[in-house]
Student: 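Following this message is one structure expressed as structure tokens.
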2 protein chains.
Amino acid sequence: MAVRVDLNISLDGFATMTDQTPEHPFGLDWGRLTAACVATRTFRARVLHDTSGEGMTGVDDEYAQACFAEVGAEIMGAGMFGLHHARNDPDWWGWWGEEPPFRCPVFVLTHSPRPRLEMAGGTAFHFLSATPRQALDLALEAADGSDVRIGGGPTVVRDFLKAGLVDRLHVAILPILLGRGIRLWDDLRGLEAGYAVTSGVAPSGITHLTFSR
Amino acid sequence: MAVRVDLNISLDGFATMTDQTPEHPFGLDWGRLTAACVATRTFRARVLHDTSGEGMTGVDDEYAQACFAEVGAEIMGAGMFGLHHARNDPDWWGWWGEEPPFRCPVFVLTHSPRPRLEMAGGTAFHFLSATPRQALDLALEAADGSDVRIGGGPTVVRDFLKAGLVDRLHVAILPILLGRGIRLWDDLRGLEAGYAVTSGVAPSGITHLTFSR
């Protein structure tokens with residue numbers, strides 16, 4: 001029953017871009033940050049509903065599998081769900097189509113809650129205005145013994161890290177420099193003190209780094 | 001005849017601290033950033049004049065060896081040499097004692113040049129006010145076919161990277177978050193485009209990342 005995070009970041013620490021538009025919800029660089037992840041067999045099957053069984057296997061795919069495994073509830077920020085763009089669209093249901101990959105309750109943190117959304121495949125979006133601790137308590141109850149994943153974006157992840165609520169942080173560090181966006185690592189001095197940190201490099205050139213406690 | 005850089009940085013990208021004092025010339029966190037490097041057999045022999053032959057061997061030591069190998073001249077900033085603290089001390093000869101580890105001409109970039117300093121062991125400090133390109137031309141001539149190393153600090157390294165003058169950049173990324181200091185990666189968007197990037201993790205937990213062209 002762990003609280004977990006998985007994020008892709010650039011070498012200079014950027015996890016999300018600030019040039020978000022409806023066409024590029026996470027900015028123009030998002031594709032580069034997530035290309036290796038999107039290419040995995042697990043991502044293609046789970047997120048893109050590609051039933052061909054094609055896609056990369058190996059280290060990056062193992063992390064993609066682990067990312068979804070044993071998650072009983074997810075928490076994400078309003079920006080990740082898309083509410084910053086869809087503030088005036090009561091029918092907005094996120095970026096993930098009719099059958100989102102989460103397959104569990106998803107708690108979306110927003111100062112403007114809206115009615116819950118039941119999607120195909122077991123995903124239900126709940127909108128709430130809450131502190132990290134309050135949201136986590138709800139998510140843990142909904143997860144019923146399984147893990148809770150903090151999906152993002154980086155500002156939300158940082159809030160949970162600063163509150164000491166994350167048990168396992170996995171970052172996939174891409175060997176690229178973006179020079180702009182929202183940094184994951186700001187204001188987290190000494191985070192490593194409460195964790196064991198392990199690292200490994202995948203054939204894709206991605207460094208996978210995991211903080212565990 | 002390559003232009004090379006080796007730097008230790010934290011996971012959040014800090015290469016030097018801003019809390020420099022005469023007692024802690026590179027700030028209070030410097031020891032943590034460099035501990036694995038300082039523990040190597042090569043560093044102990046070359047910098048600390050420890051003739052016992054003791055010290056760590058393995059991956060980190062191989063990088064320490066490579067750092068000194070075939071360097072015919074070095075370029076560093078005024079801050080790395082200590083001129084920010086020793087501005088009024090005409091006898092300041094750097095942090096490295098009477099026999100510095102460089103054993104070659106060292107070009108110190110400063111807006112307040114002073115007379116050259118001949119040290120034991122082959123190191124000579126030359127002080128000059130010059131652009132990166134001008135300093136590099138002098139250093140290449142002095143290196144006489146060997147490599148030129150840009151020693152630091154991070155601001156000087158960034159200037160050389162932005163000017164497109166660096167052939168090989170090796171960063172040792174420590175799995176720690178410092179949250180303060182001077183970042184190496186600021187304003188280097190797209191740097192990877194001109195380089196092949198390779199990575200590996202040492203048993204110490206350090207990720208060694210090399211940009212080569």
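The sequence lines fix the lettering, A, B, ..., with proteins before strands; numbering per chain opens at 1.
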Student: With a 4.5 angstrom heavy-atom cut-off, could you sort out which part of A/Leu178 is near chain B: side chain, backbone, both or neither?
Tutor: both

Student: Got a second to check how far B/Ile173's CD1 is from A/Ile173's CD1, nearest 0.5 Å?
Tutor: 6.5 Å

Student: So B/Arg183 and A/Asp186, salt bridge (Lys or Arg N to Asp or Glu O under 4.0 Å) or not? Walk me through it.
Tutor: CA-CA 12 Å; B/Arg183 282 197 182 88; A/Asp186 276 1; 3.1 Å; yes

Student: Quick check on A/Leu11 against chain B: is it the side chain, the backbone, both or neither that has a heavy atom closer than 4.5 Å?
Tutor: both

Student: Between B/Thr207 and chain A, with a heavy-atom cut-off of 4.5 Å, which part of the residue counts as in contact: side chain, backbone, both or neither?
Tutor: side chain

Student: Tell me which of these, B/Leu209, B/Leu188, B/Val197, B/Ile176, has more heavy-atom pairs under 4.5 Å with chain A than the rest.
Tutor: B/Ile176

Student: Should we say atom CG of B/Asp144 is surrounded by more than 12 heavy atoms from elsewhere, each under 6.0 Å from it?
Tutor: no

Student: Restricting to non-hydrogen atoms, name the atom on B/Leu191 and the atom on A/Leu177 that form the minimum distance, rounded to 0.1 Å.
Tutor: CB-CD1, 3.4 Å

Student: Quick one, A/Arg189 and B/Asp29 - any side-chain contact, counting heavy atoms below 4.5 Å?
Tutor: yes

Student: Which region of B/Phe211, side chain (C-beta onward) or backbone (N, CA, C, O), has a non-hydrogen atom less than 4.5 Å from a non-hydrogen atom of chain A, or is it both or neither?
Tutor: side chain

Student: Which atoms form the tightest heavy-atom contact between B/Ser199 and A/Gly205, and what is the distance?
Tutor: OG-O, 4.0 Å

